[in-house]
Amino acid sequence: MRRGKISDSNWALIEALESACPCSRTGRFLTMHKRRRKRLTSRSLSQDHPALLDDIHHGSVQCVLDKVWQWPFNAFTLDNVTGGRSLPVLCVHLFHWYGLLDHFNLDVVEVWKLFSLIEEGYHSTNPYHNSIHATDVTQAMHCFLQEEKIREHLTPLEVMAALIAAVAHDLDHPGVNQPFLIATSNHLAALYENTSVLENHHWRSAIGCLLESSVADQLSKDSRKLLDEQISSLILATDITRQQEFLTRFKDSLDKNSLDMKDHENRHFILQIALKCADISNPCRPWDISYKWSQKVCEEFFRQGDYERQLNLPVTSLCDRHSTSIPKIQAGFFRFVVAPLLEEWDRFLCTTLSNKMIKNLRDNQTRWETALQQELAEETRTEISEAEEICDEISDARGSDDESRRSSLPTVVLETVDRLGRRHSVPLSLSHPNAPPPVWGNTLTTGDNLRLRDERSRRFTIGQISNLKEEEEELQLSQMSSCSNQSFQRSSDCGSNDERPVSAENLLPELSIASITTHDEASRLSSVLHGNVSLAPPPSSRSLQRQQTFPPLQPYVRTRYMSTSGEPIAHSTSISSSSSSRTGGSDSDCAGLKRDSTDDSDREKITKFAKICEKENVNPRKDSLDVRRLAIPQNTRRRGSAPVGQLSAELIERLARRGSMPTSDSRQSVLKPLGLKENAGMPRRSSLPFDLHHSATLFTDASNGEDLRHREKGSKKSKKKKLLRRRSSGGPDLLLPREHLLNRRRGSLPSEMFTSQSGNSNNRNLENSRRIVSSRRSLAHPKIQLLPQ
Ligand SMILES: Nc1ncnc2c1ncn2[C@@H]1O[C@@H]2COP(=O)(O)O[C@H]2[C@H]1O
Ligand SMILES: [Zn+2]
C-alpha cells in the first residue's frame with residue numbers, strides 16, 4: 001500500500017471528502033434538474049491510486065496555484081490538473097494563503113468539506129454555470145482583493161465573506177434564468193416571489209453549506225452573524241438586473257470621491273462591486289480564455305432556448321440559436337454590460353490590473369465585432385444572390401406561353417417561396433460552396449451560427465431582447481389566415497408577408513395547428529395549408545383561443561401564449577381586431593382581398609411577386625396600429641404561468657398585474673417560504689421581471705412602447721423599420737444608441753442585464769437594514785495579515 005506517500009492530513013482530507021456529504025447524492029438543493037454527478041478523477045484516484053493524488057497536488061496543481069494571483073488565469077486548466085476539483089483546491093489554498101485558517105482557528109478538514117459541498121452544489125452538466133465558473137470568479141475576486149486600495153482596510157471576516165460569496169454566488173444554478181423559472185412555475189420563483197430568485201437561492205444554499213460543513217460552528221456567534229449577512233448581501237448584488245442600480249451609485253460615489261475605504265459600508269459596497277465585476281470579468285481575460293467562456297455561456301443560453309422550444313414556450317431571443325449568434329451576443333454583452341461597469345472599476349482602481357482588464361476587453365470586443373460584421377456581410381451577400389435567382393426564375397416564368405404559365409406558375413412561386421423559406425436551415429456554406437470560410441473557428445462555422453435567417457430583420461441586439469417568438473407566432477397565424485400558398489400574395493394590400501418570405505417552418509402544419517383550439521379550426525387550417533379551401537376565415541376564427549387546450553408538454557400551463565392572443569372568451573373581439581390588423585388592414589379589407597384573390601389572374605400574381613423582388617420595403621399601414629391599440633384590452637397584457645382555464649374573473653383581474661416588483665401588500669420577507677395557499681392568492685407576478693425600470697412606459701402607454709408594438713407584427717410599419725435598419729446599416733443593431741435599444745428591449749432574460757431595477761426593493765430593504773446593523777458594529781477585526789505565497 002502506498003499510503004505512506006500521502007500525509008496524514010491529506011488522508012484526513014480524502015476520507016472527509018468521501019464521507020462528507022451523503023446528502024449530495026440525494027439532490028440537496030431541490031432545483032429543477034436531477035443532477036448527474038460528475039466523475040471526479042480525484043475521487044477515483046483517492047480510492048485506487050492515492051499516491052497519484054499526492055503527485056497531482058504537488059505537481060501541476062502547485063504550478064497553477066503559484067500563479068493564482070495573476071490575471072491571465074485559466075480556470076479550465078486548474079480544473080483539468082485537479083481532476084475536476086478546482087473549486088475546493090483553490091479555496092482551501094486561498095484560505096490558507098490569507099491566513100484565515102489560523103485567524104479563525106478553522107479545521108482544514110471542515111474547510112475542505114465546506115468547499116466540497118459547494119462544489120457538489122454546482123451542476124456539472126451546466127455548460128457555464130458550473131463549479132469552474134465559480135473557480136473563475138473566485139480567482140478574479142482574489143485578484144481584486146490584492147489591489148492595495150481594497151486590501152489595506154479589509155478585515156479577515158470581510159475577506160472570508162468575499163471569498164465564500166464569490167465561490168458560492170451561483171450555487172445550485174439550474175442553467176436557466178429567472179424568467180424561465182417563472183414561466184415554468186418553478187417552486188423557487190414562488191418561494192422568492194419572482195425577485196432575485198436565483199440569487200436568493202444561491203446565498204441560502206451557501207449558508208446551508210456553512211452549517212452543514214460545521215465551519216459555521218467554528219466561528220463566534222457575532223462573526224457568524226456578520227458573515228451570513230455579508231455573504232447574503234454580496235450574492236444578492238450579483239443579480240444582473242440590478243446592474244444599473246449599482247452602476248449609478250458607483251459612478252456617483254466616484255464623481256464625489258466619497259469612497260473612503262476606512263468606512264465599513266463603503267468597503268462592503270466595493271466588495272459588492274468587486275464581485276459583480278468578477279462575475280462578468282470573463283470578457284476581460286486573454287482572448288483564448290475569454291473565447292472559451294463565451295462559447296460556454298452561449299451554449300447554456302442556446303440550451304435554454306431549446307428547452308423553451310421543446311416546451312412550446314416563447315423562445316428568449318438571446319437564447320434562440322436560430323435567430324442570433326455568438327458574435328452578436330458577445331459584441332452586445334461586452335459593449336453594453338461589461339464595458340460600462342468595468343470602465344468604472346478601472347476608474348476606481350486605476351492600476352496595472354484594471355488597465356490590463358480594459359485592454360483585454362477592448363481587444364476581445366473588437367474581435368467579436370469584426371466577426372459580427374463578417375457574419376452580416378456574408379448574409380447580405382447570400383441574400384442578394386438569392387434575390388437575383390428569384391427574379392431570374394420569375395422572368396423565365398413570364399417567358400412561357402399563357403396556358404402553360406397558368407398551370408406552372410404556382411409551382412414556380414412555391415418553389416421560390418420554398419427556397420426562401422428554407423433559409424432557416426441552409427448553412428451559408430451550402431448555398432455558397434465557394435464562399436470563404438468564416439474566421440471564427442469551429443463554433444462559428446457550425447450550421448447554427450451560420451444559418452441564414454429569414455427573420456434577419458429581427459436579429460438580436462443587446463438592447464432589444466424582444467419577444468420574437470410571439471412575433472413569429474403572430475406572423476404565422478396571420479399568414480395562415482390570410483394568405484394561402486394557393487394565392488400567395490406579397491402585395492402591400494395584404495401585408496403580413498411583405499417583409500420576409502414565408503418560410504417552410506412557418507408553414508409547418510404541426511406548429512400552427514398546435515396553436516389552435518378546436519378540431520374544426522385545425523382541419524380548416526390544414527386544408528388551407530394544403531391549398532384545398534379559400535382563404536376567407538369563417539367568423540368563428542375570430543375567437544381562436546390559442547394554446548388553451550393544447551396539452552402542454554409539462555404539467556404546467558403556458559399562459560404566456562394565452563396572453564398573446566388575449567384572454568379566453570372575454571376578449572374574442574379584441575382578438576378579432578388584432579388578427580385583422582396583423583394582416584395589415586381592416587377586417588373587411590383583408591377578407592375582401594382574400595376572397596378577391598381567388599379570382600386574381602396568375603399574371604397579377606407574377607407582377608406582384610416580381611414587385612416584391614424589386615421593392616421589399618413596402619408601405620406600412622400606419623392606421624392599423626391605432627386600430628389595434630384601441631382594441632387591445634388591458635388584460636391581454638397578462639403574462640404568467642397560472643392555468644388560465646381555472647381563473648375566476650377576480651383572479652384574472654389580479655393577474656393583469658405583471659412585473660416582478662412586489663406589490664405593497666406582498667412585501668413579505670423574501671426569505672419566507674410561501675405555502676400553496678398563500679401562493680395562490682399572491683398578487684400575480686410576471687414573466688417579464690426585468691423590465692421594471694421601463695414597466696411604467698410599457699404598461700401605461702403601450703403606444704410608445706414595445707408591448708403593443710410586438711402585437712402589430714403584421715403591420716408593415718414595424719417590419720419596414722426593421723428591414724430598413726438591417727439593410728441600411730449593414731452593421732450590428734447594437735450600434736444604435738443605448739436608450740433606443742433599451743426602449744425596444746422586451747422579453748426575457750439576459751435582457752435583465754440592461755435595465756436598472758426598481759423591483760428589488762425588498763432585497764434592498766433587507767440589505768439596507770443589514771447595512772445599518774452592520775454599520776453599528778465596531779470594526780473590531782484586526783487587519784488581515786497576508787501571508788507570503
Ligand atoms: N461572455 C458572456 N456573454 C454573455 N453573457 C454573459 C457572459 N458572461 C456572463 N454573462 C451573463 O452575465 C451573467 C452574470 O451573472 P451570472 O453568472 O448568473 O450569469 C451570467 C450570464 O448570464
Ligand atoms: Zn456567475
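Counting convention: from 1, in listed order, for ligands and their atoms alike. Predicted model, so just to flag it, every value in this text is computed and none were measured.
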Colleague: Quick one: does Gln330 get an N or O within less than 3.5 Å of an N or O on ligand 1?
Modeller: yes
Colleague: Quick check on the 6.0 Å ring-centre criterion: do Tyr291 and Trp368 meet it?
Modeller: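 Under 6.0 Å, so yes.
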Colleague: Could you list the residues that satisfy side-chain contact (heavy atoms from CB on, under 4.5 Å) with Val297, not counting sequence neighbours?
Modeller: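 Here the qualifying residues are Tyr128, Phe301, Gln330.
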Colleague: Out of Phe301, Trp293, Trp368, Phe333, whose heavy atom sits nearest atom 7 (C) of ligand 1?
Modeller: Phe333
Colleague: Out of Lys276, His129, Arg285, who gets a non-hydrogen atom closest to atom 16 (P) of ligand 1?
Modeller: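 Selected option, by shortest heavy-atom distance: His129.
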Colleague: Nearest non-hydrogen contact with atom 14 (C) of ligand 1 belongs to which option: Asn364, Leu198, Asp279, Asn282?
Modeller: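 Among Asn364, Leu198, Asp279, Asn282, the closest heavy atom to atom 14 (C) of ligand 1 comes from Asp279.
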Colleague: Hey, do the aromatic rings of His133 and His169 have their centres closer than 6.0 Å?
Modeller: yes
Colleague: Indicate whether any N or O donor in one side chain lies under 3.5 Å from an N or O acceptor in the other, for Ser196 and Asp239.
Modeller: yes
Colleague: At a cut-off of 2.8 Å, what protein N/O/S atoms sit near the Zn ion (ligand 2)?
Modeller: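 Short answer, with waters excluded from the count: His133 NE2, His169 NE2, Asp170 OD2, Asp279 OD1.
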Colleague: Using the test salt bridge (charged side-chain N to carboxylate O under 4.0 Å, His left out), find all partners of Asp306 that sit at least two apart in sequence or belong to another chain.
Modeller: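 Expected list: Arg309, Arg321.
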Colleague: Judged on heavy-atom distance to atom 21 (C) of ligand 1, which of Thr241, Val297, Val337 sits nearest?
Modeller: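 Closest candidate by heavy-atom distance is Val297.
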Colleague: Find all atoms of ligand 1 within a distance of less than 4.0 Å from any non-hydrogen atom belonging to Ile280, and give their numbers and elements.
Modeller: 12 (O), 14 (C)
Colleague: Do any N/O atoms on Thr238 end up under 3.5 angstrom from N/O atoms on ligand 1?
Modeller: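 No, since none of the N or O atoms of Thr238 sits under 3.5 Å from an N or O of ligand 1.
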Colleague: By side-chain contact (heavy atoms from CB on, under 4.5 Å), which residues pair with Ser281, not counting sequence neighbours?
Modeller: Trp71, Ala140, Met357
Colleague: Does the gap between the ring centers of Trp345 and Phe144 come in under 6.0 Å?
Modeller: yes
Colleague: For the residue pair Gln304 / Glu308, report whether a side-chain donor-acceptor contact shorter than 3.5 Å exists.
Modeller: yes
Colleague: Without hydrogens or angle criteria, can the side chains of Glu369 and Gln365 be said to hold a donor-acceptor pair below 3.5 Å?
Modeller: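 Yes.
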Colleague: Less than 3.5 Å between some nitrogen or oxygen of His173 and one of ligand 1, yes or no?
Modeller: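 N/O-N/O distance below 3.5 Å does not exist for this pair.
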Colleague: Is it the case that Arg249 places NZ or CZ above or below the six-membered ring of Phe269, under 6.0 angstrom from the centre and within 45 degrees of the axis?
Modeller: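 The answer is yes, since Arg249 meets both limits relative to Phe269.
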Colleague: Any Lys/Arg nitrogen of Asp363 or Arg367 sitting under 4.0 Å from an Asp/Glu carboxylate oxygen of the other?
Modeller: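 Looking at Arg367 together with Asp363, the answer is no, because their closest N to O distance does not fall below 4.0 Å.
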Colleague: Only heavy atoms of His133, strictly under 4.0 Å: list the atoms of ligand 1 that pass.
Modeller: 17 (O)
Colleague: Going by heavy atoms, is Glu300 under 4.0 Å from ligand 1?
Modeller: no
